[in-house]
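Presented below is the structure to which this report refers.
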Amino acid sequence: MTAAIAPDTTASPESRPSMRLGIPKEIAQGERRVAVTPDTAQKLQKLGFEVWVEAGAGESASFLDSAYQAAGCHVVEDVPTLWAESDIVLKVRSPQWHPDLNRDETELLRPGGKLISFIWPAQNPELLEKLAQKNATVMAMDAVPRITRAQKLDALSSMANLAGYRAVIEAANQFGRGFTGQITAAGKIPPCKVLVIGAGVAGLAAIGTARGLGAIVRAFDTRPAVKEQVQSLGAEFLELHFEEDSEGSGGYAKVMSPAFIAAEMALFAEQAKEVDVIITTALIPGKAAPRLVTQEMVEAMKPGSVVVDMAAEQGGNCEVTRPDEIYTYHGITIVGLTDLASRMANQASQLYGTNLFHLLSDLGGAANHTIDMEDVVVRQSTVVLEGEVTWPAPPLERPAPSKPTPQSVQTEQTPAQTKPNPLKQLIWPLIIGAALFGVGVAAPESFISHFTVFVLAIFLGWKVIWDVTPALHTPLMSVTNAISGIIIIGGMLQISGPLTSTVTVLGAIAIFVSTLNISGGFFVTQRMLNMFHK
């Protein structure tokens with residue numbers, strides 16, 4: 001271990017920086033992440049903070065003490081001093097019993113201090129009371145609202161993205177063959193079929209990873225709005241056609257009706273017989289994870305299949321999941337790991353540290369640090385304010401549907417008030433009909449046959465081109481090329497006469513113009529194909 005820099009605890013308040021951040025080592029079993037990395041520590045120092053890091057805090061995430069020292073941090077070996085002398089303590093996991101000190105971490109937090117970490121207030125009401133007794137101010141990173149303005153603070157999404165990726169890697173590790181299909185001299189290897197239940201951040205990450213490994217991926221979510229996202233990743237979206245709003249608060253799905261759940265379970269039972277891997281990601285904030293994969297479904301899966309339950313920490317989506325265990329049940333491997341993001345500790349720490357940096361930056365940095373409860377993001381995230389439990393926060397209001405302005409209402413009512421004159425609508429059809437009748441009476445029979453073909457050609461071109469959205473005009477080039485080919489054939493038949501004949505000249509012009517059209521079509525098509533070359 002590198003030598004620690006002794007903190008100056010005797011400095012006068014005037015010589016101390018405005019605020020000091022303390023980053024203790026995570027003591028939860030198997031936790032490898034750290035709240036601040038050397039890179040994010042430098043960013044925090046630019047906000048005016050002094051950063052204290054417990055010795056060895058980042059070693060499990062491959063961040064050595066020497067890296068923190070090089071970044072200008074103070075490496076502290078005395079854990080109680082770190083907690084007591086820090087204005088704000090930054091952690092990953094919520095406070096718990098410290099086995100080495102034989103004390104709870106809430107007791108280490110100084111009276112009136114601040115704590116920012118994952119708290120899970122719905123599952124830990126006793127923890128909130130302990131922190132309130134310390135007159136503390138606590139912000140929960142898991143309570144950051146999922147709104148556009150707070151995306152840079154959304155640590156849940158940051159961790160879920162990595163966890164979804166890791167879930168597929170763990171499934172591939174436990175699965176008995178490769179994910180991609182292959183044809184080899186020794187035989188054919190069928191592609192793995194993966195079912196992802198829940199298409200949130202973790203689910204979409206799992207879909208993208210499984211598709212990248214070559215698997216056939218199917219996905220289900222109660223929210224139809226995610227269908228396009230699933231399909232854009234190359235997966236098949238499984239649908240249940242129910243007229244029921246499935247969008248809950250904060251971007252999560254809500255509990256559905258019994259009829260919907262029954263149809264959903266029937267769909268999962270059918271898919272369990274076909275797929276090789278099931279990855280479940282369904283969670284409802286403040287409640288136990290819904291049971292989506294029953295014991296019967298697991299037993300119906302093919303031997304050697306894998307179930308990765310990403311909701312294991314909240315009880316699990318699979319009925320036979322054992323949290324923090326990987327075991328075999330009736331020939332099916334059940335993965336109930338609760339530290340998927342922690343298994344990618346280096347990247348996870350970097351993302352989480354960046355989320356904390358953005359939060360502290362929005363709070364005003366060290367010089368203007370303020371907990372503004374009028375700010376919706378701060379209000380939702382703050383679970384304890386100066387000893388008062390403020391959780392749960394008022395629910396976020398959905399924007400009300402916009403009402404039509406008086407001007408738009410008037411515009412819609414105008415056609416109903418002013419009825420068009422039917423005689424005016426008949427003027428142009430009558431004129432065109434009279435002109436066609438006159439042509440038919442006065443013109444010779446040969447002209448009438450050519451004129452009929454000309455009118456039909458105009459009508460055909462109009463329907464082919466103008467009735468199609470401009471975004472699809474390029475794919476229509478194949479049709480227009482075919483039409484141009486027919487025109488060339490017709491023009492070649494017309495140029496057999498004398499060169500001075502009008503018909504011969506027009507036929508030559510038709511051949512020339514159609515040739516340009518076909519050549520241009522092939523040229524544009526070739527340029528489009530080149531765009532997709534690697």
Side-chain angles (χ1 to χ4, degrees), residues 18-19 21 23 33 35-36 40 43-44 46-49 87-95 112-125 127-128 131-132 136-163 200-202 223 225 247-254 283-286 341 348-400:
S18 57
M19 299 204 79
L21 302 179
I23 293 83
R33 292 171 291 180
V36 172
T40 56
K43 297 180 180 179
L44 291 169
K46 292 179 181 179
L47 295 178
F49 294 104
D87 298 291
I88 304 175
V89 176
L90 305 180
K91 279 180 51 62
V92 179
R93 296 272 187 166
S94 57
K114 295 183 176 67
L115 171 68
I116 302 177
S117 71
F118 284 106
I119 297 295
W120 305 109
Q123 288 81 19
N124 297 306
L127 175 61
L128 296 184
L131 292 168
T137 295
V138 183
M139 300 189 73
M141 294 302 291
D142 49 278
V144 171
R146 285 187 163 176
I147 59 178
T148 303
R149 184 165 65 87
Q151 285 182 349
K152 60 184 178 180
L153 319 175
D154 192 356
L156 280 179
S157 294
S158 299
M159 299 301 102
N161 184 35
L162 294 178
V201 176
R223 299 162 292 182
E247 191 70 36
S249 61
Y252 295 93
K254 71 175 186 180
L283 282 173
I284 299 175
S349 299
Q350 186 64 40
L351 293 179
Y352 183 66
T354 303
N355 294 139
L356 291 175
F357 161 74
H358 286 303
L359 175 60
L360 292 170
S361 177
D362 287 356
L363 293 178
N368 303 302
H369 186 79
T370 305
I371 304 294
D372 182 11
M373 297 298 279
E374 298 298 323
D375 187 308
V376 63
V377 176
V378 175
R379 177 64 188 91
Q380 293 286 321
S381 307
T382 304
V383 295
V384 180
L385 178 65
E386 297 178 354
E388 179 184 354
V389 177
T390 58
W391 188 89
L396 292 175
E397 296 182 1
R398 288 189 179 184

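For the numbers below, each heavy atom of this structure counts, side chains included, while hydrogens, waters and symmetry mates do not.
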To the nearest 0.5 Å, what is the distance between NZ (Lys91) and CG (Leu115)?
7.5 Å
Side chain to side chain donor-acceptor pair (under 3.5 Å): which pairs involve residues 358-371, sequence neighbours left out?
Lys152-Asp362
Check against side-chain contact (heavy atoms from CB on, under 4.5 Å), Val384 and Ile119
CA-CA 11 Å; Val384 180; Ile119 297 295; over 6 Å; no
Would Phe49 and Phe357 count as a ring pair (Phe, Tyr, Trp, His ring centres under 6.0 Å) here? Give the steps.
CA-CA 11 Å; Phe49 294 104; Phe357 161 74; 9.5 Å; no
Could you pull out the closest heavy-atom pair between Pro145 and Ala150, with the gap in Å?
O-CB, 3.4 Å
One should read off an interatomic distance between Ser349 OG and Met159 CE, to the nearest 0.5 angstrom, of 7.5 Å
Is there a side-chain contact between Val201 and Asp154 (heavy atoms, below 4.5 Å)?
no
Might you point out which heavy atoms bring Ala341 and Ala348 nearest each other, and give the distance in Å?
O-CB, 3.5 Å
Run the side-chain contact (heavy atoms from CB on, under 4.5 Å) test on Arg146 and Ser157 for me, step by step, so that the C-alpha distance in whole Å, both residues' side-chain angles and the decisive distance to 0.1 Å come before the verdict.
CA-CA 9 Å; Arg146 285 187 163 176; Ser157 294; 3.4 Å; yes
Leu156 and Met141: CA distance, side-chain angles, deciding distance, side-chain contact (heavy atoms from CB on, under 4.5 Å) verdict
CA-CA 7 Å; Leu156 280 179; Met141 294 302 291; over 6 Å; no
Output for pair (Leu385 CG, Ile371 CD1), nearest 0.5 Å, gives 7.5 Å
For the side chain of Thr40 and the backbone of Val36, is there at least one donor-acceptor N/O pair under 3.5 Å apart?
no
Got a sec, which residues hit salt bridge (Lys or Arg N to Asp or Glu O under 4.0 Å) with Arg379, two or more places apart in sequence or on another chain?
none
Measuring from atom CD of Gln380 to atom CE of Met139, what distance do you get when rounded to the nearest 0.5 angstrom?
11.0 Å
Judged by atom type as modelled, is there a donor-acceptor pair below 3.5 Å linking the side chain of Asp142 to the main-chain atoms of Trp120?
yes
What pair of heavy atoms forms the shortest contact from Pro121 to Leu128, and how long is it?
CB-CD1, 3.8 Å
One should read off an interatomic distance between Ile23 CD1 and Ile88 CD1, to the nearest 0.5 angstrom, of 10.0 Å
Verdict with supporting geometry, Val383 and Leu131, side-chain contact (heavy atoms from CB on, under 4.5 Å):
CA-CA 10 Å; Val383 295; Leu131 292 168; over 6 Å; no
Tell me the closest heavy-atom pair linking Val92 and Ala35, and the distance in Å.
CG2-N, 3.7 Å
For Lys46, which residues count as a salt bridge (Lys or Arg N to Asp or Glu O under 4.0 Å) partner, sequence neighbours excluded?
none
For Ser117 and Pro95, which heavy atoms make the closest approach, and how far apart are they?
OG-CD, 4.3 Å
Return the OH to CG distance between Tyr352 and Leu90, rounded to the nearest 0.5 Å.
7.5 Å
